[in-house]
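Letters A, B, ... mirror the listed sequences (proteins, then strands); counts begin at 1. Just so it is clear, the structure is predicted and the values come from calculations on it, not from any experiment.
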Number of protein chains: 2
Amino acid sequence: MTVRMKDIAADLGVSVVTVSRALRNRPDIAEATKARILERVKRLNYRPNLTARSLVTGRSSLIGLVVPDLIHPFFGEIAKGLSARLRDKEYYLIVSSSESDPQLEQDEVEHMLAHHLDCFVVASSRKDTDSLRRIDEAGVPLVLVDRRFPGFASHFVGVDDVKVGELATEHLIAQGCRRIAHIRGPQTSIGNARAEGYSNALARHGIKLPDSYVVACGEASDSDGETRGRRAMEEILALKPCPDGLFCFNDTIAVGAMDRAFEAGLRIPKDIAVVGCGNFHYSSKLKVPLTSIDQKSREIGERIAKLIVSLLEKPHSARSRSIVLEPELIARESSRLR
Amino acid sequence: MTVRMKDIAADLGVSVVTVSRALRNRPDIAEATKARILERVKRLNYRPNLTARSLVTGRSSLIGLVVPDLIHPFFGEIAKGLSARLRDKEYYLIVSSSESDPQLEQDEVEHMLAHHLDCFVVASSRKDTDSLRRIDEAGVPLVLVDRRFPGFASHFVGVDDVKVGELATEHLIAQGCRRIAHIRGPQTSIGNARAEGYSNALARHGIKLPDSYVVACGEASDSDGETRGRRAMEEILALKPCPDGLFCFNDTIAVGAMDRAFEAGLRIPKDIAVVGCGNFHYSSKLKVPLTSIDQKSREIGERIAKLIVSLLEKPHSARSRSIVLEPELIARESSRLR
DNA sequence: CGATTTTTCGTTAGCGTTTACGAAATGTGC
DNA sequence: GCACATTTCGTAAACGCTAACGAAAAATCG
């Protein structure tokens, strides 16, 4: 059925190893025979069986990508950037969308491990490192995206999330807001970092606000971001005096929050200026285009790809590299007050 | 390093095959020994090496997904639905985003073939069947999404695109529009089918319009949908008398077209009612929420998964199955005239 | 209790490739 | 033309698993 090395070797009267050498561009083969073999390979449309190769070399050319939600713009862009860069090196991406379900994520990682992937890229939705530890035990390189786990050895690529919070809050302050609320994310490294940035900026400007100005909106797995944003906005609407600025953990939440604000008769940005995070591609097309912090998702994907390639080409390079990108604020109408 | 069957077998004083039998739940093994083995397997955290298994069984548990653009809401949803359903059966998804580049797509398919995938799911951006034929030659089952290639044997899952065009156009007519323009898609089965539906609906109502009411907007690979939509809208603005209704090939193009219409001082839907296609998740949140035809992307993904599972479980089932779903119109403000 | 069936297990071979090693062919120095 | 290094190739074994077969053990039957 399908053509194997054996067939080509038999056809040309050489041994299988010689064919193998020609295909992998080994030095210990005469140019003439190599040419002869490659000609036949091309003519028969032969492709080496990577499964077999993988079994003996121990390298599968497969990269595992585990994200909470494939359709989420942030992770989607990462997948795209990663895929584009990995292509040249003939690595392929095995993806898993864990639906922000910690148990599912753990199972997926477990199963993917059986495919003997060369590297894992994980944006974990877990609070612990249980699934990551299994990867570590298996001796597979691991790149963390977006989430950090202090004390756990792995590589990291992402933006500086403290700066994200600072950028957003500083911007609102610069626009003249003084009563700035924050719809914070989950109790993870990201959620905490952004909230920390928010506090930093306020402190820097001597603005003191009650704790009630920071409202939680549950976990990513609770329900979709919009309804969580709407719920959080309820709480904010109840604050007296009403905030004049709002920094949301991400754009999806901001969309829900803004929707609710409109229903309450508020005008954006006049009554309350809003800043989101993620700069999702639809954020510029909303009823009121949303100011947002760009997380450089595309660039993150490409940087991960580069990191992986260097990791796999010289396995004993850096033990634990950390690539931190600068976030960027994209100002739009939702915060334009002057 | 990593534990193998051999190790477990040696530990327990049984043969490797016995371990294999226990793991695959074979009938020809005593319950007692099976239990003994499974206990040890669990305790050692053993997972069979799928690469090795794949080499001998010829089945990799890997499904290839080739789409023009992973971040496109339609394909993203499909990937998600597919991944979710395949999970239970322990199949994994290898994805490739071809960036709507026909050459890239061909190369990707070629490379993926080397991984000996169990099945291909392709939303082709090619006009010919060159890459698909290679899949066919390799004897790998193929499911086509969204695009059909008449005369080419494969499975198909997607919506009825003629009906998409009819639904959109009938709706505009029902809203009172009579001069209905169409920004058509590329010269592929989808583009043609939707344009055909548009013509059908007009004919059914005895509406005759000049050819200039159908404007092309280039290929998907030309540039992003929005700028293509803007460009197409230029042509439409030049029509005398100006159309009072517009059916766009997809939502992204509709966004561009509407943007340009706003700039020209038109009001939507009052001056021109707009219907898109795809019902992307941001379409309801636009400045003017967009009426759109839902393509059932999530359902498509799930149906594909079911099809694949049945294909792989009984390989000699139907030769060429075709699953056609009904599109659904979601009415919003952009076409609300009465 | 011996003959026969059924259950349980081990042996051998092979999936398609690469690695390690050694042998043959070719080239180089004098 | 001989000793040696270099280039080019082939043989054997292995990667971790499963398929096919047959042997041993246990169960069933008259």
Round to a whole Å and report the spacing from CG of A:Leu12 to P of D:dG10.
11 Å
Proximal nucleotide (of C:dG16, C:dT18, D:dC9) relative to the A:Arg53 side chain:
C:dT18
Whole angstrom is fine here: how far is it from NZ in A:Lys6 over to P in D:dG10?
16 Å
Measure from CD1 on A:Ile37 to P on C:dT17 and round the result to the nearest Å.
13 Å
Over all strands shown, is B:Thr33 touching base, sugar-phosphate only, or nothing at heavy-atom distances under 4.0 angstrom?
sugar-phosphate
If only side-chain N and O atoms of A:Ser20 are considered, is one of them under 4.0 Å from the OP1 or OP2 phosphate oxygen of C:dT17?
no
Rounded to whole angstroms, how far apart are CG on A:Asn25 and P on D:dT8?
13 Å
Please state how far atom CZ in B:Arg4 lies from atom P in D:dC17, giving the value in whole angstrom units.
8 Å
On DNA chain D, more 5' by nearest nucleotide between A:Leu55 and B:Thr57 is A:Leu55
Can any side-chain N or O of A:Asp118 pair as donor or acceptor with the backbone N or O of A:Ser61 at less than 3.5 Å?
yes
Out of D:dG10, D:dC17, C:dG16, whichever nucleotide has its closest atom nearest the side chain of A:Val14:
D:dG10
So does B:Arg26 get a side-chain nitrogen or oxygen closer than 4.0 Å to the phosphate oxygens (OP1/OP2) of D:dA19?
yes
Say whether, by atom type as modelled, one donor and one acceptor occur between the side chain of B:Ser189 and the main chain of B:Arg148 under 3.5 angstrom.
yes
When B:Ile29 and B:Val56 are each assigned the nearest nucleotide of DNA chain C, the 5'-most assignment goes to B:Ile29
Classify the ring geometry between A:Phe74 and A:His72 as parallel (under 30°), tilted (30 to 60°) or perpendicular (over 60°).
perpendicular
Would a 4.5 Å heavy-atom cut-off, applied to side chains only, mark A:Tyr91 and A:Cys119 as touching?
no
How many Å lie between CZ on B:Arg21 and C1' on C:dT8, as a whole number?
8 Å
Side chain of A:Val17 - closest among D:dT11, C:dT17, D:dC17
D:dT11
Closest to the B:Val16 side chain, choosing from D:dC9, D:dT18, D:dA19
D:dT18
With respect to the phosphate group of C:dT17, does any side-chain polar atom (N or O) of A:Tyr46 fall under 4.0 Å of OP1 or OP2?
yes
Closest listed nucleotide, where the reference is the side chain of B:Ser15 and the choices are C:dT17, D:dT18, C:dT11
C:dT11
Check whether A:Ser97 reaches the backbone of B:Lys80 with its side chain - one donor and one acceptor, N or O, closer than 3.5 Å.
no
With side-chain contact (heavy atoms from CB on, under 4.5 Å) as the test, pick out the partner of A:Ser131 among A:Gln103, A:Glu108, A:Glu105.
A:Glu105
D:dC17 OP1/OP2 closer than 4.0 Å to side-chain N/O of B:Ser54:
no
Distance check needed: C:dC9 P versus B:Arg36 CZ, whole Å only.
8 Å
Report the residue (A:Asp28 or A:Arg47) whose heavy-atom-nearest nucleotide on DNA chain C is the more 5′ of the two.
A:Arg47
Looking only at the side chain of A:Ala30 (C-beta and beyond, no hydrogens), which of the listed nucleotides C:dC9, D:dC9, D:dC17 gets closest?
D:dC9
Nearest-Å distance for atom pair CG/C1', residues B:Leu23 and D:dC17
11 Å
Is the phosphate of C:dG10 approached by B:Thr18 (side-chain N or O, under 4.0 Å from OP1 or OP2)?
yes
Respond yes when some side-chain nitrogen or oxygen of A:Arg24 is under 4.0 Å from OP1 or OP2 of C:dT19, and no when none is.
yes
